[in-house]
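Notes for the one structure printed next.
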2 protein chains.
Amino acid sequence: MRPTVHDLAQSAGVSLATVDRVLNNRPGVKASTRSRVEEAIARIGFVRDVAAANLAKGRIYPLTFVVPSGDNSFMVSLRHQIEEAKTRSIAERTEIVMVEVPAFDAEALVAALRALRNDPPAGVAVVAVDTEEVRRELLALKASGVAIVTLVSDLEGFDRDHFAGVDNLAAGRTAGSLMARFLAGKTGRIGVIAGSMLVRDHQDRLIGFRERLAEINPSLVILPAEECHDDPHRVDAAARRLLAEAEGLVGIYNLGAGNRGLIAALSLMPSGPRPVAIAHELTDHTRAALEGGVIDVILNQDAGHEVRAAIRVMKAKSDGTPVIAAQERIRIDIFLKDNLP
Amino acid sequence: MRPTVHDLAQSAGVSLATVDRVLNNRPGVKASTRSRVEEAIARIGFVRDVAAANLAKGRIYPLTFVVPSGDNSFMVSLRHQIEEAKTRSIAERTEIVMVEVPAFDAEALVAALRALRNDPPAGVAVVAVDTEEVRRELLALKASGVAIVTLVSDLEGFDRDHFAGVDNLAAGRTAGSLMARFLAGKTGRIGVIAGSMLVRDHQDRLIGFRERLAEINPSLVILPAEECHDDPHRVDAAARRLLAEAEGLVGIYNLGAGNRGLIAALSLMPSGPRPVAIAHELTDHTRAALEGGVIDVILNQDAGHEVRAAIRVMKAKSDGTPVIAAQERIRIDIFLKDNLP
DNA sequence: CAGATTTTGAGGTACGTAAATCATTTTCTT
DNA sequence: AAGAAAATGATTTACGTACCTCAAAATCTG
């Protein structure tokens, strides 16, 4: 039988009240008594029944997601997953609030985070823009006991409780590997389309891509990245330009959003050999393009997994429970038409 | 505030006792009363607090995993993950029993399943051999209210509650795609190493592989599969034979276990172009081979995910709670050296 | 309509923990 | 050693649900 607080009290030779004081670190316990209880905990293998504790406390976990607004399809999907999670709130004892802030707007983000100070939630998951003020604000929240999870993009060197996202340098390298291998020694030019080089994620992907491509096949020429700000129309235009102008365009990599534009441009090509096309994020559009052979590889991060992982981690951190690291790690999914979910 | 049984009783205009009778379908309730309560449940959105209910019932979930013994590295890892899950039993209110049966031994499996009849657990997760007797035994368990999860390999057309594993046809197709794409139009022979063609999983992988390879590049010649029964030594020998004998061996696919043999054989090759090597299951060995460039791609199913998904599903089924399908779906992971976990 | 039967209600205890109050004991201070 | 302060104990109620008993009411049977 699982030991209870009563067993613990008996085993430690103290009263239930003292056990309670120790477990919930209330004041007024001598250090020696406290360690006596802690020893007993270890000895009998006591594990607090979190469900019973939550019942007694009437506890729910207030969790706040701070995410960018805008119609970038990945962010749309992320917000959708947060809404889905709200659906499960009753059963999971969570109360999820989603705050939308304009994308790439550090001031708005800071304001949103500051607003949380009044009534701090148990955890905050944030798609962070990396500025000093943002870091300061998050640190302040963390100092007041809020579990901090960075979502999608991490803050380098920042002591958050968890990062629910992928390593974009590795993602870029993966794209580079696949591009080089699919081209198997061929020579030619590679077009790259990006959202904005001011965003860390995109920088990383590009760096990784270039690095790896150069390692495997230095004869491939990587054209300068076209910044299209994740706008399908601009991506369309850029892709057309690349396809028309660049003699020997053998590959094209869209490391940002706006894949509809890329797909449109590729679909309009005259029949004949197509460049190897690699892009990010699995959506209805990219799925169809993959199935139709217009796009060769989609790299993906599972937004649903990210949201669920963030929730689990915030709950766990906020009651000092261990996390299953392997479960919470977000994969860089590689999708071909053959292994689509 | 979340409605409780008391709110429900009041809202339905019945007593707490009647609500209890309805919720736990105890006898002695008029049909009209029962439906009155059910309407109230829908009206006020009552959701039973499973945690409180489990506390009251003193409920734990007895779960049994029936898995093959043997030192196939995937099965070793699967068993390890089950042991890991045992570690979390206290916190998750599970009591996990692992039963090992000799691999591919239908009789032993049937016996193990029959033994569960006396004291049926809440759920059974089983790596099933597909025979009539096995199906009958599982059906009997299911009929007595046990949640049935097939693990790793599914029983086609069998009405299990869940399958925690991957689609091996798709996995084979994925391998075929990658092989063909990495060879980019080249011509030559492809060696295939399998465990046993009597196992459904391996059949499927081979079928998918051949299919897809033929679709993309029909000029590639796929050699007959070498059955090595997942034994590293036999795999080693077979790989050496392939590498020595086959003129123009451009690719090698091990769809079974025993990768150590494959890696050994490949590592001994004289320098020069290596065949594209694709294999299954990420282990310490295959990871090192991937990093060292000896193997090009590892396809993987996450044993930890499979075990955790099986547990979540068995718990959910056994108390009629919904399952998050996307979360429980097991991916066909594609690992290059760039996106290793 | 009496008696039997079915259905419903009222109320209590339990699960493991939290949180509170008040009483008692121990330890410190001077 | 007396008084103050700190530490500990004893006990109770509550959380939401399950499950039990006994009584009362409603419905059926002939």
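Within every chain, numbering begins at 1; the chains are lettered A, B, ... in the order of the sequence lines, protein sequences first and strands thereafter. Bear in mind the structure is a predicted one, so any value in this text is a computation, not a measurement.
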What's the CZ-P distance between A/Arg34 and D/dA6, to the nearest Å? 16 Å
Pairs meeting criterion salt bridge (charged side-chain N to carboxylate O under 4.0 Å, His left out) with involvement of residues 30-47 of chain B, two or more places apart: none
Can you pull out the residues from residues 43-50 of chain A that lie within a 4.0 Å heavy-atom distance of DNA chain C? A/Phe46, A/Val47, A/Arg48, A/Asp49
Contacts of B/Pro27 and A/Arg21 projected onto DNA chain C by closest heavy atom; the upstream (5') one is B/Pro27
Test applied, side-chain contact (heavy atoms from CB on, under 4.5 Å); reference residue, A/Gln81; option that passes from A/Glu306, A/Arg308, A/His305: A/Arg308
With a 4.0 Å heavy-atom cut-off, tell me which residues in residues 51-63 of chain A come close to DNA chain D, sorted by residue number. A/Leu55, A/Ala56
If the threshold is 4.0 Å, N to carboxylate O, is there a salt bridge linking B/Glu137 and B/Arg117? yes
Can you tell me the distance, in whole Å, between the CG atom of B/Asp20 and the C1' atom of C/dT7? 15 Å
Sorted by first residue and then second, give each salt bridge (charged side-chain N to carboxylate O under 4.0 Å, His left out) pair with at least one member in residues 119-128 of chain B; sequence neighbours left out. none
Given protein heavy atoms under 4.0 Å, the one-letter contact record of nucleotides 24-29 of chain C, with B base, S sugar-phosphate only and - none, is simply ---S--
State the CD1-CZ distance between A/Ile324 and A/Arg329, to the nearest 0.5 angstrom. 15.5 Å
In short, salt bridge (charged side-chain N to carboxylate O under 4.0 Å, His left out) pairs touching residues 314-324 of chain A with sequence neighbours left out are A/Arg59-A/Asp319
Contacts of type side-chain hydrogen bond (donor to acceptor under 3.5 Å, both in side chains), residue B/Glu328, not counting sequence neighbours: B/Arg312
Heavy atoms of other groups near A/Glu107 CD, more than 12 under 6.0 Å: no
Interatomic distance, B/Asn24 CG vs D/dG16 P [rounded to whole Å]: 17 Å
Let me know, please, whether A/Pro3 or A/Ala17 comes out on the 5' side of the other along DNA chain C by nearest nucleotide. A/Pro3
A/Arg93 has an atom CZ; how far is it from atom C1' of C/dA18, in whole Å? 13 Å
Contacts to DNA chain C from residues 5-15 of chain A, heavy-atom cutoff under 4.0 Å, which residues? A/Val5, A/His6
Mind checking what makes side-chain hydrogen bond (donor to acceptor under 3.5 Å, both in side chains) contact with B/Asp159, not counting sequence neighbours? B/Lys142
Residues in side-chain hydrogen bond (donor to acceptor under 3.5 Å, both in side chains) contact with A/Asp167, at least two apart in sequence or another chain: none
Can you run down the salt bridge (charged side-chain N to carboxylate O under 4.0 Å, His left out) pairs that involve residues 1-21 of chain A, sequence neighbours left out, and say none if there aren't any? A/Asp20-A/Arg26
Take atom CG of A/Leu16 and atom P of D/dT11, then tell me their distance rounded to the nearest Å. 11 Å
Hey, which of A/Val99, A/Val101, A/Ile148, A/Leu138 is the one that makes side-chain contact (heavy atoms from CB on, under 4.5 Å) with A/Leu113? A/Leu138
State which residues pass salt bridge (charged side-chain N to carboxylate O under 4.0 Å, His left out) with B/Glu132; sequence neighbours excluded, sorted by chain then number. none
